[in-house]
Amino acid sequence: MNNLNIENIDTKQIIEKLNTMLKPKRLEHSINVAKCAIKLSEIYGYDKEKAYLAGLVHDCAKYFTKEQIDSYVEKYNIELDPLEVDNIALSHSIIGSFAIQEVFNIQDMDIINAVRYHTTGRENMSILEKIIFMADMIEEGRNFPGVDYLRELSFNKQLDKALITSFNNTIKFVIDNDQLIHPRSVKARNYLMQENI
Ligand SMILES: Nc1ncnc2c1ncn2[C@@H]1O[C@H](COP(=O)(O)OP(=O)(O)O)[C@@H](O)[C@H]1O
């Protein structure tokens with residue numbers, strides 16, 4: 001899977017498999033993220049096929065049962081941190097980064113990390129990690145206050161500003177909902193702010 005070429009990826013087979021793992025709306029979202037990831041790859045000079053594949057599979061563990069999560073944790077010795085344990089909104093990214101290896105035989109580290117960090121982000125993100133994070137936010141089906149501004153930034157060569165704005169939105173959202181904030185997003189935000197001063 002190293003030299004991906006979209007003709008070489010069996011997109012139909014991947015989508016058919018995802019169709020058994022995801023609800024229809026989530027599959028539609030995943031296809032939209034994949035398409036958006038291609039657009040962003042054109043703008044930021046990344047491999048479109050890899051971006052498409054990462055977008056397609058990024059949410060594959062979103063509907064895993066507790067039993068499935070436990071079995072991945074045991075099989076791969078995954079250390080979920082206290083915020084991720086029993087929290088599928090956060091754990092599906094970590095578990096998904098293993099599931100794509102097992103289910104789709106994806107071994108590309110860049111894709112694996114893009115899936116792993118697509119919810120919280122992290123410090124020093126790769127281009128693909130940034131592309132998938134933003135594509136997840138701005139794909140055509142997304143509709144929340146401020147999404148058009150994020151699209152404008154993302155499609156106009158201001159990827160880091162789009163990310164910082166997204167981290168700000170998410171951190172505010174988490175606070176408004178009285179939830180714990182995962183520190184990776186705070187670190188990701190601060191890292192980009194410092195880098196972009
Ligand atoms: N830093 C964070 N701390 C705590 N929860 C977070 C953080 N970042 C994201 N989340 C949780 O993850 C959710 C978004 O996850 P995401 O995979 O983008 O879901 P969806 O695709 O359904 O919008 C947020 O609504 C929030 O509950």
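Counting convention: from 1, in listed order, for ligands and their atoms alike. As the structure is a computational prediction, the values presented were derived from the model and not from experiment.
For the pair Arg189 (side chain) and Thr165 (backbone), a donor-acceptor distance under 3.5 Å is absent. Between the side chain of Glu84 and the backbone N or O of Asp81 there is at least one donor-acceptor pair closer than 3.5 Å.
Polar contact check, Thr170 against ligand 1: no nitrogen or oxygen pair lies under 3.5 Å apart. Ligand 1 has no nitrogen or oxygen under 3.5 angstrom from a nitrogen or oxygen of Asp59. For the pair Thr120 and ligand 1, the shortest N or O to N or O distance does not fall below 3.5 Å.
A donor and an acceptor atom, one from each side chain of His92 and His118, are located under 3.5 Å apart. For the residue pair Gln107 and Asn105, a side-chain donor N or O sits within less than 3.5 Å of a side-chain acceptor on the partner.
Closest to atom 14 (C) of ligand 1, if we only count protein heavy atoms, is Thr119 CG2, 4.2 Å. Nearest non-hydrogen protein atom to atom 13 (C) of ligand 1 is Ala89 CB, 4.3 Å. In this structure, the protein non-hydrogen atom closest to atom 1 (N) of ligand 1 is Ser185 OG, 2.7 Å. Nearest protein neighbour of atom 16 (P) of ligand 1, counting heavy atoms only, is Lys62 NZ, 4.0 Å.
Residue contacts with ligand 1 include Phe173, since one or more of its heavy atoms lies under 4.0 Å from the ligand. Using a 4.0 Å cutoff on heavy atoms, Arg184 does not count as a contact of ligand 1.
When all heavy atoms are compared, the tightest approach of Arg122 to Glu129 is NH2-OE2, 2.7 Å. Minimum heavy-atom separation, Phe133 to Thr119: CE1-O, 3.4 Å.
With ligand atoms numbered from 1 in the order given, ligand 1 contributes 27 (O) to contacts under 4.0 Å with heavy atoms of Gln179. Contact atoms of ligand 1 toward Ile181: 3 (N) (distance under 4.0 Å to a heavy atom of the residue). Against a heavy-atom cut-off of under 4.0 Å, His182 is close to the following atoms of ligand 1: 1 (N), 2 (C), 3 (N), 4 (C). Shown in contact with His92 at under 4.0 Å from a heavy atom are these atoms of ligand 1, numbered in order with element: 17 (O).
Contact annotation: the side chain of Glu139 approaches that of His29 to within less than 4.5 Å [non-hydrogen atoms, C-beta and beyond]. Counting heavy atoms from C-beta outward, Ile95 and Val73 have side chains that approach closer than 4.5 Å.
At a heavy-atom distance under 4.0 Å, only side-chain atoms of Arg26, from C-beta outward, approach ligand 1.
Here atom 10 (N) of ligand 1 lies nearest to Leu90 when heavy atoms of Asn169, Leu90, Asp136, Leu180 are compared. The closest non-hydrogen atom to atom 23 (O) of ligand 1, taken over His29, Arg142, Glu139, Lys25, comes from Arg142.
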**Message:** Please evaluate residues Glu79 and Asn77 with respect to the criterion side-chain hydrogen bond (donor to acceptor under 3.5 Å, both in side chains), reporting the C-alpha separation (whole Å), side-chain torsions for both, the decisive distance (0.1 Å), and the verdict.
**Reply:** CA-CA 6 Å; Glu79 289 191 19; Asn77 259 319; over 6 Å; no
**Request:** Start with the C-alpha gap between Asp110 and Ser126, add the side-chain angles, then the distance that decides, and say whether side-chain hydrogen bond (donor to acceptor under 3.5 Å, both in side chains) holds.
**Result:** CA-CA 8 Å; Asp110 214 14; Ser126 71; 3.3 Å; yes
